[in-house]
Each structure stands twice: as structure tokens, then as C-alpha cells.
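All figures in this text were calculated on a predicted structure; none of them were measured in a lab. Below, chains carry the letters A, B, ... as their sequence lines are ordered, and counting in each starts from 1.
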There are 2 protein chains.
Amino acid sequence: MMDLNRALEMDRSDPLAGTRAAFALPEGVIYLDGNSLGALPCNAAARVAEVISRQWGHDLIQSWNRHDWISMPARVGDRIARLIGADAGEVVAADSTSVNLMKLLSAALKLRPGRRTILSDNGNFPNDLYIAQGVSALLGEGHVLRIVDPDKVGDEIDGDTAILMLTEVDYRSGRRHDMRALTSRAHAAGALVIWDLCHSAGAMDVDLNAAGADMAVGCGYKYLNGGPGAPAFMFVARRLQGDLKPALSGWMGHDRPFDFDLDYRPATGVVRNLAGTPPIIGLTALDAALDAFDGVDMRDVRRKSLALGDLFIELARERLARHGLEIVTPEAHPTRGSQVSLRHPEAYAIVQALIAEGVVGDFRMPDIARFGFAPLYTSFADIWHAIDRLEAIMAAGSFREARFRKRLAVT
Amino acid sequence: MMDLNRALEMDRSDPLAGTRAAFALPEGVIYLDGNSLGALPCNAAARVAEVISRQWGHDLIQSWNRHDWISMPARVGDRIARLIGADAGEVVAADSTSVNLMKLLSAALKLRPGRRTILSDNGNFPNDLYIAQGVSALLGEGHVLRIVDPDKVGDEIDGDTAILMLTEVDYRSGRRHDMRALTSRAHAAGALVIWDLCHSAGAMDVDLNAAGADMAVGCGYKYLNGGPGAPAFMFVARRLQGDLKPALSGWMGHDRPFDFDLDYRPATGVVRNLAGTPPIIGLTALDAALDAFDGVDMRDVRRKSLALGDLFIELARERLARHGLEIVTPEAHPTRGSQVSLRHPEAYAIVQALIAEGVVGDFRMPDIARFGFAPLYTSFADIWHAIDRLEAIMAAGSFREARFRKRLAVT
């Protein structure tokens, strides 16, 4: 049976062990929920305070020029670009994932006239499906959202597929799609592809351009650690930027916003997809969070993420299987994201009991306990302790106490 | 000739004189640009620091429940509702003005099938026109944006008008529309109305429900002082909330977002118009800023705003007219917002020279110098000093120096 010492040894030889110091993790908590809300970077509070007190408070409106607030969406976007295999000038940070997805879907559908289908899968984050349903209904040209099983999605691409819209890593199971292969199949059928990187960016070596990706969206507040409801990002491959005409055509995407012309004329480049005034305070927290990635090789991030997952799976098999906790995350590395999920009919209460013991994972309907690994701050010892406490809870049956069954508003 | 003492006397008898202490105004600066970016409330930095360090940093993901982050858009919306004559449950704070306008336009057009026109005026903020152009093109059902002169807009409403989309106060001239009369005329013709309150909310006694308004959007970072790029707000009259089907249908507007159903089903109430995860840090700054309005009667705000404008106009006529600065803002109270704008061929350089002297207004293309009055922190003495310095600049001709002519990125 594996003991804590081996986990501690893995931490000692971890090339990313040093980045944990960049995060303000609370005492006594093992945090395995960075796939829902990333931990607080140590520098975020001071950077935000500086922007509020000195830039906003003292320099006021002049900060748009003096502190170059106006180009923050592009500047922060360029920093994210490196983490996801995009080039500078292909990414902007703005709005929410939902809004960015709506922008891309609505503009991209116009590039495939005559094709009616947005193809996705039932492992996609439901929000993405809702957005696609809304866009389809809005366009009213017979567009439909077709939802198939994740393992069938490649075979279902056909000549009517306008857009293949997929999330790379399934929020619930941690199953990972083959971005390169699916992009390729979609292109062969004449379709465009939008990838959602919410559960990828910051946790693995996404390589959009190597995969030939067209467009992508992703979240700033999960593995990028930008804070609750942080601005999201969007990627448009340079070759498509001129063709994509923003339907959400706001002044920040105008070629000359401060001329105040009455007619919209899109800017050159990915910035044409910006709409409203950029949220400077939120962008500042996200920008600060990206410092933790400076000098980090994303291949190291991916290697550590998989090693954390391997350890979790090994320990879960050894110590949890007998308690009825079933591993639902694929084990093979190419098909796995940066989390491991366990299935149990009492998953909700188990997660609550575990949180009471200082191990934070989360629950997803109907029966999934989810544990995310953020390679910049999750340690191998964290994994060992998490499994150790989970085993104790299962053995004692303490999760059956009534207090762990009361449903919270957000689960 | 009027002297400073009269302005100081007006400040002494100002019932809102006390609220200025709630703002951290920089020493030696007279700030008349709160219609572009509101001043920093004294409590904002500490409130944001608390949310970052304790809520995000310590309580992490549990903050969605423990600190009720999840209902912030509705809670902050309810606080804004009182300032604009709406009821609780009719306003949410979310996204940008652009995105909220896109949401309302796209959903509202579906309520007027067969009608093709979005009617607006050439005094509207160009961004609103861009958004309407984008939505019209996206729907592709022959929708058109029709732009007429502001004083003709009432007469141009007809049986083909689906939506009348107007900004109450013209960002450039400060001219104010008659919300009640125009809403009434639109309703008589069977049209819906969307009001943009960017230059109204927080500076006057907007009364949406008394005017019979249908929908409205507005900005969090001007007279509401929510910080650069603060979340915006949207209003939907209760009677319309059930009919309006969100086209930007995101999970935060879902009836049961944490059930993770594959199908979108809109929530009851104005919250159905929410889309992505709420920006908690930005909402916190906006929420803190709203404290300054606690206990404030918006009729006092309007009275003071008009008195500030009256003083500005009186002094401008007395001391600036001879220097070729023409008042373009309507003088009659019902037709004036909370700013006064002056026209001069050298307006850009004049504004830059004035900023160098510590008086911050702003420039708007092609020849407008704009001065906004934020009744919660603008004093009558501010107005006197602003005019005094402006007269000195005009008399000396110092604005003709080359350094004041260099165009900045944001003007």
C-alpha cells in the first residue's frame, strides 16, 4: 500500500513545486476545485488595489491613456495566447464565455450559408448548448443544434454541419476530446469548429494552431485563476479574422471608436470582436493571475496534471473502490483532462462531508464527486491527504449525517 | 459680475453637500467628467479587498453560497432600481451596456413580428446604433435601423416601428428626451421602447415606471461610480418579463442552472436575461459605490444637477461667450441632462489645456468640450473655478501651444 512518503517524494522532484508559493491557499484546506474557481494569486489584491486607488482614484479618466486601459483586452489576450498555442493578436480577454460563444456562433454561422446544423455532444457544458439554442432560434433560418454522444461526434459531422462546437474536456467526467483529429474531420467536411477551453486553459498544453483550430472560447476563473466571474477569452485564427463579421457589433470593436461615426465599421484583427467598455478591475485581477504562468512550460503543466491524476486513480482504486466509489474519468492520458471524477449515489453528501473535513471538491448532478488538479498549486501530498480523508469518511459512514444532505443554492 | 462667494454660499445651503465626503477626489483637481468615468468612492478599495482576500482567498468556491455571490446581479440590480423609478425585481446588474442592449433588442424584435424598423436618432450614442445594426443584420428578416434627427423622432414612429431605441440624454449635447411623451407615442403606435440611461442614472430622478417604460439599459461606471468598465444594468418592466425570451440564453438565466439539463428553460423574472457567471469583483465595486446613494432623494439630485448647470450656463455666458465658446446644451430644464457642452473649433486643445490646469472635462468629436455634473460630489465652487480657469486659458490663448494638440488614443 502506497504511503504519504512517496507523495512527498514526488513533490520534492516536481519542477513546478515553486509556483505554489504564488497562491494564497487557506491554512488547513486541500483545494481540489480549481476547475470551478481557481485559487487566489498572492499578487491579485495589491494589483487591484493599485488600479482602484491610484489609477481610478487619482488619474481618473486619463487612465485610459496613461495606464493604457484601452488595450487591456488585447494585452491580457496575448498573455493567454501563449498558454493555449495561439499567436499574439489571436486572443482577446472580454465578457463571459457565454457572450463570447454567442459572438462566435452568430458570426460563424454566416460563413456557412445553407448549412443548418450546429453539432455538439451531451458531454458539453450545458451552458454552451443553451447559447447555441438561443442563437439558432434567433437566426431563424432553420438552424438546429444537434446533440450526440461524445464518442459519436466525429462520425456525425456531415455536409450539413456548419459548426462543430465542443468543449475539449468534459466538465463532469474529465473525458478529453482529440482536438486535432476532430478539427481535421470537421474541416474535411467543410465545417468550422469552436472549441471551449474552460476546463483546459491553464491546466494543459493546449495547442490551438497545431490543431488547426478555427475559433475558441474559455474561462478566466478556473485554471487561469482570474477570480470569481473573471473576464473570459476568445480566440480567432488569424486566417479567419477578416471574414468573421461581429454580430454583437459594439464600439470597442469599431475601427475608430472615438470618431463616433454613426455607422459600424469593424476593426482589423481579433479586437473587432470586442463589444462594450472593458472591465478594467476584473481584467487587472486576471492579468495579475497570469504572472504565475510566466516562465512556465505548459508541457510541464500537462505532465504534472497527468501525474496528479495517475496518483489519484491509483489511490482511489486501492482505497476507495471497496466503498462503492467508481472512477468515471478515462485513464488513458490522451483522453483525460485535469480532473478525476468518482460516481456514487450519495455523491452530494460525500462531497459535503469531505468539505467539512477540509478537502474541497465539488458535486455535479446527478451522482458525481469531482476533483480538479491545478498543477501550479496542487501537490501530490494534497492528493494523498484527500484520498485518506475520503476513505475515512466512507469507512465511518459520516456522510450519512443529515447536515450533509441539505442542498445549497450552488452545488 | 458673479463672484466665488455666491458659489460658496450655494455649497453651504446644498442638502447634498455631505455626500462629497464619500468620494476620494484627488487634491487640486476639479473633476467634471463623471459622465465618462465616475469618481472613486472611498469605500470601494476596502470592499473589493475584502472580497478578494477573505471571500475568494479564504472561502473560495463556497463563497457562491456563503457570501451569496450567486444573487449579486439581482441584489445590485434592486439597489439601482430605486434610483431609476423601477421596482425590485425589475433590474439586474450584468455584462456591458452593449451586451444588455443586444439582449433586449434581439428578444424584443421577436415580440413585434412583421414590423421591421428599429427607430433611433443621430444624437444617440453611436455604440447603440452599432449594436442595432448588428442585431438587424443577424436576424436577417429585413430589419432596418432608421436614424432621424432627435427632434423628429416622435413624428417618425409609425406602424412599422418595432422598437424605439433612444438614449434619454445625448452624450454630446446634453439634450434630454421626454421619456414619458415618447414612450406614450410609441405605445400608441404599437411599438416597444428601449431607453438607454447611461447619461441619466445617478444624475437625475429617472422614473421608468411612471413613464410606462418597457425596457432600459444603462452604465455602471458613469454617474453610478462603479469603476472603469463596471457591470452595466438592464430593466424589464414586470409586465413584459414573461414574454421576453432571451436570445443570449445562458446558464445564469436558466430556471435551474445547477441541474445541468441539456435544454434551456428560462427562469422567471428579469434574471432570465442573465447569461454568464457574474463578475463578482466588478459587482462588488459597483455595490460599494451605491452606498453613496443610500438615503438620498433623487429629486434632490436632479435639483442640484440643474442648479449646477444653471450656474455653469450663467458664468459661461458672462465670461466665455466673448471667447467664441458657444453653449450647445438646451437651457430649459426639462430638455437638459446633467452636463453642459461648449462648442469651439479648437475644443480638443482647449480641453487638454484645461486638464493641464487641473480641470477635467472631455472632448467629443468634432468640436465639443463637455462638462458633466455629478451631484453627489460636484460643488458649486467647482463650477466657478472651472469657468475661471477656462476663461484664463481662452484669454491667454495658451491652448494654442503645440503640446495640447497631440491626439491621445482615447479622447
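- Classified by interplanar angle (parallel below 30°, tilted 30° to 60°, perpendicular above 60°), the ring pair Trp251(A)/Phe125(B) is perpendicular.
- Heavy atoms closer than 4.5 Å to chain B are found in the side chain of Asp95(A), but not in its backbone.
- Of all the listed residues (Val360(A), Asp259(A), Asn124(A)), the one sharing the greatest number of non-hydrogen pairs under 4.5 Å with chain B is Asp259(A).
- Looking only at side-chain heavy atoms (C-beta outward), Tyr130(A) and His254(B) come within less than 4.5 Å of each other.
- Counting heavy-atom pairs closer than 4.5 Å to chain B, the top-ranked of the candidates Ala230(A), Ala285(A), Gly227(A) is Gly227(A).
- To the nearest 0.5 Å, atom CG of residue Asn65(B) and atom CZ of residue Arg407(A) are 12.0 Å apart.
- The shortest heavy-atom contact between Leu138(A) and Ser106(B) is CD1-CB, 3.6 Å.
- Rounding to the nearest 0.5 Å places CG of Asp59(A) at 11.0 Å from CG of Leu37(B).
- Heavy atoms only, all atoms of each residue included: Ala409(B) and Phe258(A) are closest at O-CD1, 3.7 Å.
- With a threshold of 4.5 angstrom between heavy atoms, Phe363(B) does not approach chain A through any atom at all.
- One distance of note links CG of Leu262(A) with CG of Asp121(B); it measures 9.5 Å at 0.5 Å rounding.
- Chain A forms the most heavy-atom pairs under 4.5 Å with one residue out of Ser249(B), Pro26(B), Ser98(B), and that residue is Ser249(B).
- The residue among Lys103(A), Glu141(A), His58(A), Met252(A) with the most heavy atom pairs within less than 4.5 Å of chain B is His58(A).
- For the atom pair Leu129(A) CG and Tyr264(B) OH, the distance stands at 13.5 Å (nearest 0.5 Å).
- Interface residue Asp263(A): backbone and side-chain heavy atoms are both found under 4.5 Å from chain B.
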Before giving the answer on side chain to side chain contact (heavy atoms under 4.5 Å, CB included), spell out for Tyr31(B) and Ile61(A) the whole-Å C-alpha distance, their side-chain angles and the decisive distance to 0.1 Å. CA-CA 9 Å; Tyr31(B) 191 62; Ile61(A) 190 68; 3.6 Å; yes
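- Proximity of Arg364(A) to Phe260(B): side-chain heavy atoms (C-beta onward) are separated by under 4.5 Å at one or more points.
- Of the listed residues (Gly140(A), Ser71(A), Gly57(A), Ser96(A)), the one with the most heavy-atom contacts under 4.5 Å to chain B is Gly57(A).
- For Lys245(A) (side chain) and Gly134(B) (main-chain N/O), no donor-acceptor pair under 3.5 Å exists by modelled atom type.
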Can Ile52(A) and Val48(B) be said to form a side chain to side chain contact (heavy atoms under 4.5 Å, CB included), step by step? CA-CA 9 Å; Ile52(A) 290 180; Val48(B) 168; 3.9 Å; yes
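- Here Pro279(B) is the residue among Pro279(B), Pro246(B), Gly34(B), Ala107(B) with the most heavy-atom pairs under 4.5 Å with chain A.
- Of the residues considered (Ala132(A), Ala24(A), Pro278(A)), Pro278(A) shows the highest number of contacts with chain B, using heavy-atom pairs under 4.5 Å.
- Among the candidates Trp56(B), Phe23(B), Tyr221(B), Trp64(B), the residue making the largest number of heavy-atom pairs closer than 4.5 Å to chain A is Trp56(B).
- Heavy-atom distances place the side chain of Ile355(A), and not its backbone, under 4.5 Å from chain B.
- Ranked by non-hydrogen atom pairs under 4.5 Å with chain A, the options Ala39(B), Gly253(B), Ala137(B), Ala44(B) are led by Ala39(B).
- Within a 6.0 Å sphere centred on CZ of Arg265(A), heavy atoms belonging to other residues, nucleotides or ligands number more than 12.
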When you look at Gln62(A) and Val410(B), which way does the side chain to side chain contact (heavy atoms under 4.5 Å, CB included) test go after all the steps? CA-CA 9 Å; Gln62(A) 295 176 76; Val410(B) 181; over 6 Å; no
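- Per-residue counts of heavy-atom pairs under 4.5 Å with chain B were compared for Ala49(A), Pro366(A), Gly38(A); the largest is that of Gly38(A).
- Contact record, Pro126(B) with Asp261(A): CB-O, 3.2 Å, taken as the closest heavy-atom pair.
- You'll find the side chain of Leu60(A) stays beyond 4.5 Å of the side chain of Asp33(B), heavy atoms only.
- Contact annotation for Ile281(B): both backbone and side-chain heavy atoms come within less than 4.5 Å of a heavy atom of chain A.
- For the atom pair Leu248(B) CG and Met102(A) CE, the distance stands at 5.0 Å (nearest 0.5 Å).
- A distance of 12.0 Å separates CG in Leu40(A) from CD in Gln55(B), rounded to the nearest 0.5 Å.
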